[in-house]
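Heads up: the structure comes next, in structure tokens.
Lettering follows sequence order; numbering is per chain, from 1. Just so it is clear, the values below take in all heavy atoms, side chains as well, and ignore hydrogens, waters and symmetry mates.
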Amino acid sequence: MGRVFSGAVLAFLSPLAAAQNQINMSPGVTEIGADIFELHMLIMWICVLIGVAVFAVMFYSIYAHRKSKGHQASQFHESTKVEVAWTVVPFLILIAMAVPATSTLLEVYDNDEAELDILITGYQWKWKYEYLEESGEPVAFFSNLVTSQEEIYNTDEKGDNYLLEVDEPLVIPTNTKVRFLVTANDVIHSWWVPEIAVKRDAIPGFINEAWTRVPEEGIYRGQCTELCGAYHGFMPVEVHAVSRDEFDAWMAAKRGAAAAQTQLAMQTLSVDGLMDLTGKDDG
Amino acid sequence: MGEHHHGPAQGISRWLFTTNHKDIGTMYLWFSFAMFLLGGFFAMVIRAELFQPGMQLVEPGFFNQMTTLHGLVMVFGAIMPSFVGLANWLIPMMVGAPDMALPRMNNWSFWILPPAFLMLASTLFMEGGAPAFGWTFYAPLSTTYAAPSVTFFIFAIHILGVSSIMGSINIIATVMNMRAPGMTYMKMPLFVWTWLITAFLLVAVMPVLAGAVTMMLMDIHFGTSFFSAAGGGDPVLFQHIFWFFGHPEVYIIILPAFGVVSQIIPAFSRKPLFGYASMVYATASIAFLSFIVWAHHMYTVGMPIAGELFFMYATMLIAVPTGVKVFNWISTMWRGALSFETPMLFCIGFLILFTLGGFTGLMLSIAPADFQYHDTYFVVAHFHYVMVAGAVFSMTAAVYYWLPKWCGRMYNEAMGRTHFWISFIGFNITFFPQHFVGLAGMPRRIPDYALQFADFNMMSSIGAFIYGASQLLFLYNVIATVVAGKPISDEKVWDGAEGLEWTVPTPAPYHTFEEPPLVPKPAGTI
């Protein structure tokens with residue numbers, strides 16, 4: 001306990017820990033992410049300003065108008081002018097907030113003209129990704145948590161990407177408008193990657209749309225954000241944004257593997273052929 | 001009627017068969033406090049598991065049972081019944097009525113609560129465990145994929161709904177029919193006003209909740225597909241129905257709290273409530289708006305953009321009447337003669353923290369930003385600022401404020417203030433860091449989390465243990481007061497208190513206002 005506590009204290013004092021104890025939303029890497037971040041900061045600062053003003057009045061009153069200092073209570077109890085003012089002014093402030101909020105929302109909803117469509121299906125408790133393309137071998141795969149039970153149950157040291165790492169990440173090309181079609185197979189899930197500012201509920205029987213255009217290569221991590229059962233906390237999202245060339249190469253490899261898989265499944269094998277095949281695997 | 005004075009019956013039958021609003025109020029208050037401790041215990045389990053990353057104490061499935069029961073018990077068992085208890089004690093005394101309008105129904109609406117919660121709690125011991133789908137019980141997690149105990153949960157919700165509806169009808173009937181001569185609507189204390197409006201909200205939305213759980217019951221046992229797309233239904237329909245109940249529900253919780261604060265701040269400012277009429281209109285506006293904002297809980301379900309915009313604008317509007325209330329409370333304090341006894345401290349705590357919760361509420365109303373906030377700890381922080389620092393702080397203030405009137409004994413002021421400061425500090429240590437982890441990307445309702453959230457979660461857990469422990473101090477203080485507090489006999493316990501409840505003897509006799517009182521005060525003075 002003592003060690004834990006001093007650890008906590010150290011973590012708060014140490015400047016090294018600053019990166020880990022993030023206290024604000026990240027603007028992320030996308031244009032929409034940045035817009036949402038600005039909106040968030042704008043509203044927050046408006047709230048802070050109003051809060052400072054309101055609390056300043058209150059604390060002044062608490063300081064100056066004390067009975068213990070002999071302050072005599074005034075008996076005023078209404079003033080139409082002030083009451084109208086503090087109804088109308090907040091209303092105007094709200095309109096000022098609604099304008100940028102509306103334009104950002106319109107951007108978020110602009111799902112048209114995507115260059116790549118990916119079907120995301122939530123399962124208890126993993127994600128499935130399918131690349132929807134008109135031609136070529138279909139590419140689809142599940143993406144499972146790879147953090148070990150030993151790490152989760154504290155018998156092994158936890159890795160850097162504890163609970164945020166998968167066996168097969170979603171791979172998307174940079175600078176490409178990617179449309180996500182989001183659905184679920186069992187219960188409702190929600191697909192969220194904070195750094196690209198996409199969160200959409202995955203609802204069984206319905207298909208939701210969302211999109212992104214990622215300008216920078218990188219690994220972006222997220223999690224399921226709708227309670228979906230016991231292992232809701234254990235179905236992360238990992239997105240790798242790669243250059244177009246790299247993406248095409250990855251896609252070709254995936255297609256090849258998928259084609260080989262299909263071919264294998266379609267084969268009619270003789271008993272000897274089957275023996276050969278399994279023998280080869282053993283070898 | 002002549003001489004028909006009698007005291008309470010003796011022994012257990014006093015409590016089982018009572019039709020006295022004070023007895024029933026007392027039972028409601030004790031019951032809700034017991035539920036507060038139970039729900040608090042569940043919260044302690046949650047925070048203990050989240051103390052460090054990794055799974056230590058419980059399994060993920062059980063963790064979900066804890067979050068679910070914590071929410072259900074706190075909302076339906078602790079906060080709502082506590083305000084009903086307060087209404088029972090105070091509304092007849094505030095409007096100059098001898099009792100509630102429907103005293104036998106009053107007994108019934110209390111006594112069906114304990115069995116309902118017994119049933120809900122018993123699900124913990126059933127095969128498959130207690131409900132584990134969150135207090136919002138979204139289908140199909142709560143239907144096709146739920147443990148068998150969900151049926152008991154549905155029955156419990158039905159009973160709670162019946163209890164709330166009966167309680168509300170009683171309050172409406174009392175306020176409308178039993179006011180003393182001269183107690184016009186615009187002279188009623190604000191607590192009565194906020195409860196009258198709350199009661200209408202309850203009567204309007206509890207049947208909707210009953211409808212939702214009945215549809216679940218049908219889906220689970222009778223082969224319907226209301227919430228299953230495979231049979232032509234829609235899981236999102238559940239959310240619409242739930243939040244059509246759920247949003248008014250949060251105002252059902254907070255409006256009586258507004259009423260309490262509107263009674264206490266003037267008393268310790270020794271100055272009439274500022275803007276009485278605008279307080280009434282603001283309360284009514286909030287109640288009206290509460291019916292047309294429900295889908296702001298559902299910005300990410302994929303509504304059409306017109307729907308998103310409508311719900312965003314309507315939700316933002318709530319800031320206006322809420323702001324009016326906060327400004328009015330502060331204007332009430334302005335140039336008063338303030339003193340800071342425990343009830344006032346809790347009200348000031350309420351004012352600061354509820355306003356912070358209101359600000360984060362405004363941030364959450366912004367639909368595009370909500371795509372980042374939704375279902376993260378930012379939301380958890382927001383609603384605990386309005387539910388705990390809003391409803392629970394004001395309820396605590398109410399207990400300290402009226403307890404001396406109820407039992408004729410004064411609580412220990414030093415202990416009360418200590419309770420306030422520990423609560424205030426503990427609460428903020430618990431919930432302020434949750435804004436940070438939420439913004440940094442920690443989803444809610446997860447039993448284990450990524451390492452970057454570890455420090456703030458540990459801080460949050462430490463705060464929760466402090467806040468939890470401070471409630472035991474409260475319990476001790478109340479029991480010590482009731483049993484052996486310093487006896488007092490002034491009718492007005494607080495020199496600045498106004499209202500009919502302060503004109504009856506202290507402690508309040510078993511029967512009050514058998515003769516209607518004269519209503520002394522002009523309009524606008526509480």
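Residue M312(B) touches chain A through its side chain alone, counting heavy-atom pairs closer than 4.5 Å. Only the side chain of Y145(B) comes within less than 4.5 Å of a heavy atom of chain A; its backbone N, CA, C and O stay farther away. Contact annotation for L94(A): both backbone and side-chain heavy atoms come within less than 4.5 Å of a heavy atom of chain B. Looking at E107(A), there are no atoms closer than 4.5 Å to chain B (heavy atoms on both sides), in backbone or side chain. Contacts between T147(A) and chain B at a heavy-atom distance below 4.5 Å are absent for every atom of the residue. Residue contact with chain B, scored on non-hydrogen atoms closer than 4.5 Å, involves the side chain of F55(A) exclusively. Heavy atoms closer than 4.5 Å to chain A are found in the backbone of A139(B), but not in its side chain. Using a 4.5 Å cut-off between heavy atoms, I366(B) touches chain A through its side chain atoms alone. Residue contact with chain A, scored on non-hydrogen atoms closer than 4.5 Å, involves the backbone of Y299(B) exclusively. Heavy atoms of F59(A) lying under 4.5 Å from chain B belong exclusively to its side chain. Only the side chain of N208(A) has a heavy atom closer than 4.5 Å to any heavy atom of chain B. Residue contact with chain B, scored on non-hydrogen atoms closer than 4.5 Å, involves the side chain of V108(A) exclusively. Using a 4.5 Å cut-off between heavy atoms, D186(A) contacts chain B through both its backbone and its side chain. Within the 4.5 angstrom heavy-atom criterion, no atom of I32(A) approaches chain B. With a 4.5 Å cut-off on non-hydrogen atoms, P304(B) touches chain A through its backbone but not through its side chain. Within the 4.5 angstrom heavy-atom criterion, only side-chain atoms of L163(A), from C-beta onward, approach chain B. Heavy atoms of L39(A) lying under 4.5 Å from chain B belong exclusively to its side chain. Contacts of N64(B) with chain A are made by side-chain atoms alone, with heavy-atom separations under 4.5 Å and no backbone atom involved. Of the atoms belonging to A450(B), heavy atoms from both backbone and side chain fall under 4.5 Å from chain A. Proximity to chain A is limited to the side chain of Q239(B), based on heavy atoms less than 4.5 angstrom apart. Contact of S68(A) with chain B is made through the backbone alone, with heavy-atom distances under 4.5 Å. In this structure, chain B has no heavy atom under 4.5 Å from any part of I95(A). Residue contact with chain B, scored on non-hydrogen atoms closer than 4.5 Å, involves the backbone and the side chain of L105(A) alike. Of the atoms belonging to S331(B), heavy atoms from both backbone and side chain fall under 4.5 Å from chain A.
For the set T225(A), V182(A), I43(A), I207(A), the entry with the most heavy-atom pairs within less than 4.5 Å of chain B is T225(A). Of the residues considered (T80(A), V54(A), V82(A), V88(A)), V54(A) shows the highest number of contacts with chain B, using heavy-atom pairs under 4.5 Å. Listed options D160(A), V198(A), I188(A) were ranked by heavy-atom pairs under 4.5 angstrom with chain B; first place goes to I188(A). In terms of heavy-atom pairs under 4.5 angstrom with chain B, the leader among G233(A), A73(A), G28(A), G51(A) is A73(A). The most heavy-atom pairs under 4.5 Å with chain B, out of S190(A), S26(A), G222(A), G229(A), come from G229(A).
Across all non-hydrogen atoms, the minimal contact from Q75(A) to P272(B) is OE1-CD, 3.0 Å. Considering every non-hydrogen atom in both Y231(A) and P60(B), the closest pair reads CE2-CG, 3.8 Å. Among all heavy-atom pairs drawn from F206(A) and A229(B), the shortest one is CE1-CB, 4.0 Å. Taking all atoms of both residues into account, the shortest heavy-atom contact from P194(A) to Q372(B) is O-NE2, 2.9 Å. Between N21(A) and Q452(B) the shortest heavy-atom distance is OD1-O, 3.9 Å. Shortest non-hydrogen contact noted between P140(B) and P204(A) is CG-CG, 4.2 Å.
Although no hydrogens or angles enter the test, the distance criterion places a donor-acceptor pair under 3.5 Å between the side chain of K199(A) and the main chain of H374(B). Of the possible polar contacts, one joining the H71(A) side chain to the G336(B) backbone as a donor-acceptor pair under 3.5 Å is found. Here the side chain of K271(B) pairs no donor or acceptor atom with the backbone of S74(A) at under 3.5 angstrom.
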Any chance you could lay out the side-chain contact (heavy atoms from CB on, under 4.5 Å) test for M333(B) and I62(A), step after step, and finish with the verdict?
-> CA-CA 8 Å; M333(B) 289 164 69; I62(A) 288 175; 3.7 Å; yes
Go through the steps to decide whether K67(A) and D495(B) satisfy the test side-chain contact (heavy atoms from CB on, under 4.5 Å), and finish with yes or no.
-> CA-CA 12 Å; K67(A) 187 177 172 236; D495(B) 63 309; 4.1 Å; yes
Could you walk me through whether N154(A) and M55(B) pass the side-chain contact (heavy atoms from CB on, under 4.5 Å) test, one step at a time?
-> CA-CA 7 Å; N154(A) 311 308; M55(B) 300 303 301; 5.5 Å; no
Tell me, with the steps shown, if L362(B) and M97(A) meet side-chain contact (heavy atoms from CB on, under 4.5 Å).
-> CA-CA 10 Å; L362(B) 182 61; M97(A) 291 176 177; 3.6 Å; yes
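Annotation: Y153(A), atom OH; neighbour count of heavy atoms from other residues, nucleotides and ligands within 6.0 Å is above 12. Surrounding CD of Q56(B) are more than 12 heavy atoms belonging to other residues, nucleotides or ligands, all under 6.0 Å away. Residue-environment remark: NZ (K81(A)) stays at or below the threshold of 12 foreign heavy atoms within 6.0 Å.
Contact of the L106(A) side chain with the I305(B) side chain is registered, since non-hydrogen atoms from C-beta on lie closer than 4.5 Å. The closest side-chain heavy-atom distance from Q22(A) to F453(B) is not below 4.5 Å. Side-chain contact between E226(A) and D375(B) is present, with at least one heavy-atom pair separated by less than 4.5 Å. Two residues are said to be in side-chain contact when any heavy atoms from C-beta on lie closer than 4.5 Å; F327(B) and P90(A) meet this criterion. The closest side-chain heavy-atom distance from D448(B) to F234(A) is below 4.5 Å. Inter-residue side-chain proximity for Q72(A) and R270(B) is flagged as unmet; no heavy-atom pair is nearer than 4.5 Å. Looking only at side-chain heavy atoms (C-beta outward), M25(A) and Y373(B) come within less than 4.5 Å of each other.
Listed by first then second residue, pairs satisfying side-chain hydrogen bond (donor to acceptor under 3.5 Å, both in side chains) with a partner in residues 303-324 of chain B read T102(A)-Y313(B), Y109(A)-E308(B), H296(B)-T315(B), not counting sequence neighbours. Residue pairs satisfying the side-chain hydrogen bond (donor to acceptor under 3.5 Å, both in side chains) criterion with at least one member in residues 354-371 of chain B, sequence neighbours excluded, are listed as follows: T360(B)-H382(B).
The aromatic rings of W334(B) and H65(A) sit perpendicular to each other, their planes meeting at more than 60°, with 30° as the lower class boundary. Using bins of under 30°, 30° to 60° and over 60° for the plane-to-plane angle, the ring pair F274(B)/F76(A) lands in the perpendicular bin.
For the atom pair I446(B) CD1 and H232(A) NE2, the distance stands at 6.5 Å (nearest 0.5 Å).
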